[in-house]
Every structure is written in structure tokens, then in C-alpha cells.
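Within every chain, numbering begins at 1; the chains are lettered A, B, ... in the order of the sequence lines, protein sequences first and strands thereafter.
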Amino acid sequence: MLDMHFIRENSEAVKKGCRAKNTQTDIDHLLVLDEEKRSLLVQVEEKKHERNSASKEIGVLKREGKDAGDILDKMKKLSDEIKEADEIVVSRGKEIYEIMIRIPNLPHESTPVGKDASFNKEIMSWGEKRTFDFKPKPHDEIGENLDILDIKRASKITGSGYALFKGAGALLERALINLMIDVHVEDHGFKEIAPPFIVNRKSMFGTGQIPKMEEDMYDLEDKKFFLIPTAEVPVTNIHRDEILQEDKLPVRYVAYTPCFRREAGSYGKDTSGITRVHQFDKVELVKFVKPEDSYKEHEELLKCSEKILKILKLPYRVLLLASGDISFAAAKCYDIEVWSPGLDRYLEVSSCSNFEDFQARRANIRFKRKSKNKTEFVHTLNSSGVALPRTFIAILENYQNEDGSVTIPDALIPYMRGMKRIEK
RNA sequence: GGAGAGGUGGCAGAGUGGCUUAAUGCGGCGGUCUCGAAAACCGUUUUGCCGGCAACACCGGCAACGAGGGUUCAAAUCCCUCCCUCUCCGCCA
């Protein structure tokens, strides 16, 4: 959510930002409503002040056993007026709120302006793509052959878009989670969190998934609860409605969770194997920082995510996303994409976003400086560190051997009970 | 799922319609005292919004006692709905 003061004073910048994010919003209408509401508010508050003073007087008169009939009649009338005017203020307030919660975060000045993904900029790449002396297979074929991935049975159990890992495949999944968490805790100083996988509406609102993306979420008990689409939701909401101490910042959390996404409207896209599934595992990094540090912290956060791919020696590239391609709540976002030789393209394994104070405002996450009286909103950032299925894909495809076996990356061997190769 | 108790300021804890827009204690902050510290004493101590203002300083106002609604001139206090926490019972990994 943006600050109404900011919108008032920078309406043109807000309009421009909304356009850059491909979002239609009627800022002019919002400004009119805001103006109306504030002028009404002044009148209502004056009347309430009058009522408060009169009520005190009535109290005094009653205590002294005197008659307060006249003033009582007057107050009855005044109270009705207040009620009437208050209703208008509240209804304006609701209209304003409904518009406000749908205004996206504005892109940062370093975010390239462009309507879609074709305007994303590749800013770096790492690792050499392996040259194969045989035709590399796609992961689903490798996985089915080794009997470590069973998509057919997953669809029997649940439906299309689910993965069933078996034997060394299930172990690899678990090994990756453990490796990632250990790296982020031990090398990067994040605190490990194991959050609920089901959250309430307030939490989903706080991070910005609802109302805009509500249809992409799995819900429970008639939309009272939601299966989390990412650990970002429960972890960011840890500090909802809190005032953090300045010297505790930055706060860094790492959490493994499964993620549940309906992927509504994406049928037919990225359907190969387990590239796009409704349930997947992910290790997520979340930071709460002071505003002046957030862009420095954003760069560091990107490095933390990249580190995982470096450790696994998987070739990847980093994209700086264009304004039209970044999420509703983000001001700036990098995507990390890992190389998939079997599919012959890059796959997104991480989104590293700076939300500035957009989520903090929605979730009311603040901090207080020692030097100031006023509270301020923190900046929140998060990054996948990293998503599992596509990392699993990249390992199978990049480390495949001609005989169909898969070599285990060195860093994973201790997490795989010493296993060096997955063979039939 | 059933029965009961309860949700008040950072914490503890008063307060059942108007001398309470919340007592008191603890903690925090500032000060006195001290070589310094402790103790003691004095002061201070929530958040949001609106208006004035160059100002997050200051002044004035409105609101908030789990959330929402109702009664009333007036609600922390009375009524209704919901949420949460705790205790006991049932079920259960």
C-alpha cells in the first residue's frame, strides 16, 4: 500500500508508476474522495468535540442533582447529526481503501520501464554450459528411468501438476533443503524459521497476495484460510502489527516450506515434467531492514541466493525485471534462472525482490529510531534461496551421464548419505 | 466437538454507565545525590488520524481498552455477533 500523503503530493508520479506496471487506477477520483473525506472529517470532529464537552457538563449537573433536560435535548440532536455525518466519512473511507489496496507498488528508478518480460535485462551470467558428447535428456525422462520421479502416479494420487519423488529422488529433495538452510544460517547469518503452511486473510493481505491474486491461491473454509503460495507470507507476517527496535535491524529469516499455487490461467505453459507444479518445496529468505539500507541489502540478498547455485555448480543468469513483469508489491526485482540443458533454456529458480515499505504499510510493520519519536515503516525484501523443483531439474540434466545415471554435486554428497551417483 | 474462565497501555494489574479520554506497580528514559555505581527521591513514558505550521518541533482536536455492530446525551463498563488465549472433558499424531 502506498502512503496517502505521498499520493496527494506526487499524483503524477503515482500515475506514471501505475502505467509502468500495466495497472489501471483512477488516481484523480481517489484524490477527490480524499479531499471530500478530510473536509467532512474536520466538521465531524468539531461536533464530537462539542458533544464531549457537553457530556462532561451533563455529568456535573447530574451529580449535583440539577436538571439537564435542555442540554440533553440539544445533544440528542447533535448526536444524530454526528451519526449521519460519520456514516458519510466511513463510506468515503471505504471507497478510498478499496482503491488504495489495489494500487501497485511503484517501480524503483533502476527498474527498466517496459510492458512485459521482453523488456527484462540480463545483467550477468555465471558458469559454463556443459557441452555434451551425447544428446542430453530432459529431467522427466532421466527421473522416470532412474525411478526417482514418478509423475504418472502423482497424477493418479492427485491430478496433473504434481510430483512424486521416490528413493534417491526424495532424498535429493531433502538434501537440497538441508544444504540451502545450512548455507543461509551458517554463512549468511539468517535465523531458521519453520512457519505454519496455512495462513489467514490478514497475512495474505499483508504481503499483497489478496485481493489481487486471490484466485491464484488455494483456500480453506470458504476463503478464511489459505495454503501458502510462498514462505514469504507467514514469515513476513511474523512481525505484523509490531514495532521493531532499531538495533534489532536488519532481521533475517530463512524458512523451508512447501508452496501451493493454483497457477490459474497458465495451462499449457511450462508444463514439461515438473517445471510448473501446484505444490513445490522452496527455501525462502526474508529480510526486514531500515529504509536507507534496503537497496544495499537487496544486492546482498541476491548474492545469498546465487550462492546456492554456485555451490551446486549450476550455470545461471540474473535478470533485472522490467516494470511490467514484476509483482504487484515489488519495486525492484531480480530473477535468477538456472540452465536446463534437457529443455535447452533457462528456468526461473528465484525472485529477489525489494518491496520497500509497501508490505510493511499493509502489514503495519514499523520500527522506532532512538533519535526520533516517530515510528517508521521498515522495508521488506525476500528472495528464493532457492525453489526446489527446477533446481532438481537442473541437477538431473546438468549432471546426467550417458548411461542414464546422475552424478551428485560434491556439496550434496554429505547430505545424500555419501551417495556419489544416482544409478538404476 | 462439549463445559467453564478470560482478553485493558512494553509487562503486571485496578476499573460494571458520567469526579477515569484508564488508578497503581514493574520496566524504560531524563534528572538529583555520588569519585563512579547501587539504593532513594523527582520528573517522564502508547499509537493512529485531522487541522494550524517550514517542521517527524510545538499548539489544538478526534479516535483506539481483542474485532465488528447495537443501546445511550454519554460505553473499558450494558446487549448481540465473531476472533483469540487458558483450564477441564472427549478425540487424536
Pairwise P distance, A74(B) and C19(B) [rounded to whole Å] | 15 Å

What's the CD1-P distance between Ile82(A) and C73(B), to the nearest Å?
-> 12 Å

Would you mind reading off the distance between Lys74(A) atom NZ and A74(B) atom P, rounded to a whole angstrom?
-> 16 Å

Under-4.0 Å side-chain N/O to phosphate OP1/OP2 contact, Arg366(A) with U47(B) = no

Glu186(A): what forms a side chain to side chain donor-acceptor pair (under 3.5 Å) with it, not counting sequence neighbours?
-> none

Once the angle between the rings of Tyr162(A) and His278(A) is folded into 0 to 90°, is it parallel (under 30°), tilted (30 to 60°) or perpendicular (over 60°)?
-> tilted

Given the P atoms of A23(B) and A76(B), what is the spacing between them in whole Å?
-> 14 Å

Counting just side-chain N and O atoms, does Thr375(A) come under 4.0 Å of either OP1 or OP2 of U47(B)?
-> no

Counterpart residues, salt bridge (Lys or Arg N to Asp or Glu O under 4.0 Å), relative to Arg421(A) (two or more places apart) | Asp403(A), Glu423(A)

Please collect all side-chain hydrogen bond (donor to acceptor under 3.5 Å, both in side chains) contacts where either partner lies in residues 287-300 of chain A, sequence neighbours excluded, each pair once.
-> Glu246(A)-Lys290(A), Lys287(A)-Glu297(A), Glu292(A)-Arg369(A), Ser294(A)-Asn354(A), Ser294(A)-His379(A), Tyr295(A)-Glu356(A), Glu299(A)-Tyr334(A)

Distance, P atom - from G9(B) to U77(B), rounded to whole angstrom | 15 Å

Quick one: is U72(B) close enough that its OP1 or OP2 comes under 4.0 Å of any side-chain N or O from Ser79(A)?
-> no

Assign Arg361(A) to base, sugar-phosphate, or nothing according to its heavy-atom contacts below 4.0 angstrom with the strands shown.
-> nothing

dist Met100(A):CE -> Asp34(A):CG (nearest 0.5 Å) comes out at 8.5 Å

Of the candidates C50(B), G48(B), C73(B), the side chain of Arg51(A) sits closest to C73(B)

What N/O pairs connect the protein and nucleotides 17-21 of chain B at under 3.5 Å? Give each pair on its own line.
| unit_1 | atom_1 | unit_2 | atom_2 | d |
| --- | --- | --- | --- | --- |
| G18(B) | O2' | Arg63(A) | NH2 | 3.1 |
| G18(B) | N2 | Ser55(A) | O | 3.3 |

In whole Å, what is the span from the NZ atom of Lys76(A) to the P atom of U71(B)?
-> 10 Å

Under the side chain to side chain donor-acceptor pair (under 3.5 Å) rule, collect the residues that match up with Glu192(A), sequence neighbours excluded.
-> none

Separation of atom CZ in Arg38(A) from atom C1' in G48(B), rounded to whole Å = 16 Å

Hey, is Glu50(A) close enough to Lys47(A) for a salt bridge, meaning N to O under 4.0 Å?
-> no

Take Phe165(A) and Phe392(A) through the ring pair (Phe, Tyr, Trp, His ring centres under 6.0 Å) test and state the conclusion after the steps.
-> CA-CA 11 Å; Phe165(A) 297 105; Phe392(A) 186 96; 4.8 Å; yes

Check the side chains of Lys282(A) and Thr230(A) for a donor-acceptor pair under 3.5 angstrom, ignoring hydrogens and angles.
-> yes

With sequence neighbours left out, what residues match Asp182(A) under salt bridge (Lys or Arg N to Asp or Glu O under 4.0 Å)?
-> none

Inter-nucleotide C1' distance (A40(B), U8(B)), Å rounded | 31 Å

Out of curiosity, Ser340(A) OG to Asn398(A) CG, how far, rounded to the nearest 0.5 Å?
-> 7.5 Å

The reported gap from CG in Leu164(A) to OG in Ser155(A) (rounded to nearest 0.5 angstrom) is 10.0 Å

C1' atoms of A67(B) and U44(B), separation to the nearest Å = 33 Å

Distance between C1' atoms of G70(B) and C11(B) (Å, rounded) = 34 Å

Contacts of Glu46(A) that satisfy salt bridge (Lys or Arg N to Asp or Glu O under 4.0 Å) - sequence neighbours left out = none

For RNA chain B, the residues among residues 85-93 of chain A that have a non-hydrogen atom under 4.0 Å from it | none

Output row for RNA chain B, stems defined as at least 3 consecutive Watson-Crick or G-U pairs under 3.5 Å, is B:1-7 with B:83-89, B:10-12 with B:24-26, B:27-32 with B:40-45, B:46-52 with B:58-64, B:66-70 with B:78-82

Can you tell me how far C1' of C49(B) sits from CE of Met100(A), to the nearest Å?
-> 13 Å

side-chain N/O Lys368(A) vs G10(B) OP1/OP2, d < 4.0 Å = no

Can you tell me how far C1' in C56(B) sits from the matching atom in G48(B), rounded to whole Å?
-> 14 Å

Classify the side-chain pair Thr380(A)/Gln359(A) by whether it contains a donor and acceptor separated by less than 3.5 Å.
-> yes

What is the nucleic acid contact for Lys83(A), judged by heavy atoms within less than 4.0 Å: base, sugar-phosphate only, or nothing?
-> sugar-phosphate

Which parts of residues 39-50 of chain A get close to RNA chain B, meaning a heavy atom less than 4.0 angstrom away?
-> Leu41(A), Val42(A), Glu45(A), Lys48(A), His49(A)

Residues which pass salt bridge (Lys or Arg N to Asp or Glu O under 4.0 Å) with Glu215(A), listed by chain and number, not counting sequence neighbours = Lys223(A)

In terms of side-chain heavy atoms, does Arg362(A) have a donor or acceptor partner in Asn364(A) at a distance below 3.5 Å?
-> no

His5(A) side chain near G48(B) phosphate (N/O to OP1/OP2, under 4.0 Å) = no

Between C84(B) atom P and Asp241(A) atom CG, what is the distance in whole Å?
-> 16 Å

Report the distance from atom CZ of Arg369(A) to atom C1' of A57(B), rounded to the nearest whole Å.
-> 17 Å

In residues 29-36 of chain A, which residues come under 4.0 Å of RNA chain B by heavy atom?
-> none

Between CD of Glu221(A) and C1' of C82(B) the distance, given in whole Å, is 14 Å

Considering only atom C1', compute the distance from G43(B) to C33(B) and round it to an integer number of Å.
-> 15 Å

Could you give the distance from CD1 (Ile395(A)) to CG (Leu412(A)), rounded to the nearest 0.5 Å?
-> 5.0 Å

So, are Asp147(A) and Lys424(A) salt-bridged, with charged N and O less than 4.0 Å apart?
-> no

